[in-house]
Amino acid sequence: MELKKLSLFRECFGQVEGETQKLDNAPLSQLNAQSLKYETKVPQLEYMCLMMENIVLTKKLQGNVYAGFQKFSRTKNVLDRFQAMAEYSNVHIFGENDAAMDPSDGIHYIELPKNSELMREWFLIIDSPVFKSMMVAYDMEGFGVHEVEEGRKFKGVKTSNPQVIAHATKLLTPHIGFSLIG
């Protein structure tokens with residue numbers, strides 16, 4: 001599928017069972033669920049990603065990490081964590097090329113084409129032989145709508161279903177310029 005037309009949200013949302021839940025005041029146990037459809041805001045997405053990132057870092061997982069932050073500039077606050085993950089895994093970050101990134105930092109940056117579907121999506125996929133997890137969320141409002149960006153609303157899924165994760169990685173893999181491990 002052409003990168004400009006690729007939407008992980010559209011491709012994967014229907015593959016996860018269950019009703020969509022509002023997570024704005026959800027307990028941490030709900031955010032840690034293995035499978036979940038949700039509507040929420042930035043802080044809950046950050047928490048879900050942090051837990052997934054911590055698994056890679058603490059277990060020193062080898063495999064592939066795919067992340068989409070909509071824009072490269074949005075990676076600045078977590079870039080050190082992704083550089084640390086790159087010591088063990090292949091790390092691929094997709095985004096709008098709106099900030100200079102260091103091509104020698106061990107991360108593979110994939111620039112999204114102008115008006116790409118993925119520019120409206122935030123995702124993190126961990127694909128290793130011993131742990132698989134994915135969070136993908138569609139930005140329902142876009143940037144600049146809220147005075148505080150944490151108020152942005154997203155709809156998405158979180159899953160550890162190997163078939164859904166394999167489908168997502170199969171869609172992303174053709175857009176990465178080298179062979180993958182794992």
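Keep in mind that this is a model prediction, so the values were computed, not measured. Computed from heavy atoms alone, side chains included, the values below leave out hydrogens, waters and symmetry copies.
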Contact check, side chains of Met51 and Leu28, non-hydrogen atoms, under 4.5 Å: no
Gap separating the CE atom of Met134 from the NE2 atom of His167, nearest 0.5 angstrom: 9.0 Å
Within residues 94-108 or reaching into it, pairs that qualify as salt bridge (charged side-chain N to carboxylate O under 4.0 Å, His left out) - sequence neighbours excluded: none
Test item: Thr173 and Tyr66 side chains (from C-beta on) under 4.5 Å apart, heavy atoms: yes
Lys60 (side chain) donor-acceptor with Val56 (main chain) under 3.5 angstrom: no
Main-chain N/O of Lys153 paired to Glu141 side chain as donor or acceptor, under 3.5 Å: yes
Donor-acceptor side-chain pairing of Asn90 and Asn64 below 3.5 angstrom: yes
Exercise: identify the closest heavy-atom pair between Ile110 and Phe72: O-CZ, 3.6 Å
Ala99 versus Lys76, closest heavy-atom pair with distance: CB-CE, 4.2 Å
Minimal non-hydrogen separation, Tyr109 against Leu79, with atom names: OH-CD1, 3.4 Å
Backbone of Leu112 reached by a side-chain donor or acceptor of His175 within 3.5 Å: no
Closest contact, heavy atoms only, Ala26 versus Gln30: CB-OE1, 3.2 Å
Side chain to side chain, Phe82 and Thr75, heavy atoms closer than 4.5 Å: no
Other residues, nucleotides, ligands: >12 heavy atoms within 6.0 Å of Asp80 CG: yes
Pairwise distance OG(Ser73) to CG(Asn97) - rounded to 0.5 angstrom: 10.0 Å
Donor-acceptor pair, side chain of Gln44 and main chain of Asp24, under 3.5 angstrom: yes
Can you give me every donor-acceptor pair (side chain of residues 156-163, partner residue at least two apart or in another chain, under 3.5 Å) with its distance?
residue	atom	partner	partner atom	Å
Lys158	NZ	Leu31	O	2.9
Lys158	NZ	Ala33	O	3.2
Thr159	OG1	Asn161	N	3.0
Ser160	OG	Gln34	OE1	3.4
Asn161	OD1	Gln163	N	2.8
Asn161	OD1	Val164	N	3.3

Under 3.5 Å donor-acceptor, Glu53 side chain and Arg81 backbone: no
Atom pair CG (Leu118) and CG (Asp139), whose distance is rounded to the nearest 0.5 Å: 12.5 Å
Rounded distance [0.5 Å steps], CD in Glu111 versus CG in Leu3: 10.0 Å
Reported CG-to-CG distance for the pair Leu172 and Leu8, which is rounded to 0.5 angstrom: 5.0 Å
Leu45 and Arg152, any side-chain heavy atoms less than 4.5 Å apart: no
Salt bridge (Lys or Arg N to Asp or Glu O under 4.0 Å) partners of Lys41, counting only residues at least two apart: none
Over 12 non-hydrogen atoms of neighbours within 6.0 angstrom of NZ in Lys5: no
Nearest-0.5 Å distance that lies between atom CG in Asn32 and atom OH in Tyr47: 4.0 Å
Check: Leu171 and Glu11 side chains under 4.5 Å, non-hydrogen atoms: yes
Candidate pair Leu23 and Met48, rule side-chain contact (heavy atoms from CB on, under 4.5 Å), full reasoning: CA-CA 11 Å; Leu23 299 182; Met48 284 188 260; 4.1 Å; yes
For the student: nearest non-hydrogen atoms of Met1 and Leu6, plus distance: SD-CA, 3.5 Å
Expected output: side-chain Gln70 to main-chain Met119 donor-acceptor under 3.5 Å: yes
Side-chain heavy atoms of Met135 within contact of Tyr38, under 4.5 Å: yes
Pairwise side-chain contact, Tyr88 with Lys59, heavy-atom cut-off 4.5 Å (strictly under): no
Whether Ser89 side chain and Ala86 backbone form a donor-acceptor pair below 3.5 Å: no
Between Ser35 and Glu17, a side-chain donor and acceptor under 3.5 Å: no
Under 3.5 Å: donor-acceptor pair, side chain of Ser133, backbone of Ile126: no
Tyr138, Trp122, Phe123 screened by ring pair (Phe, Tyr, Trp, His ring centres under 6.0 Å) with Phe154, the one that passes: Trp122
Residue pair Val136 / Glu121: nearest heavy atoms and the distance that separates them: CG2-OE1, 3.9 Å
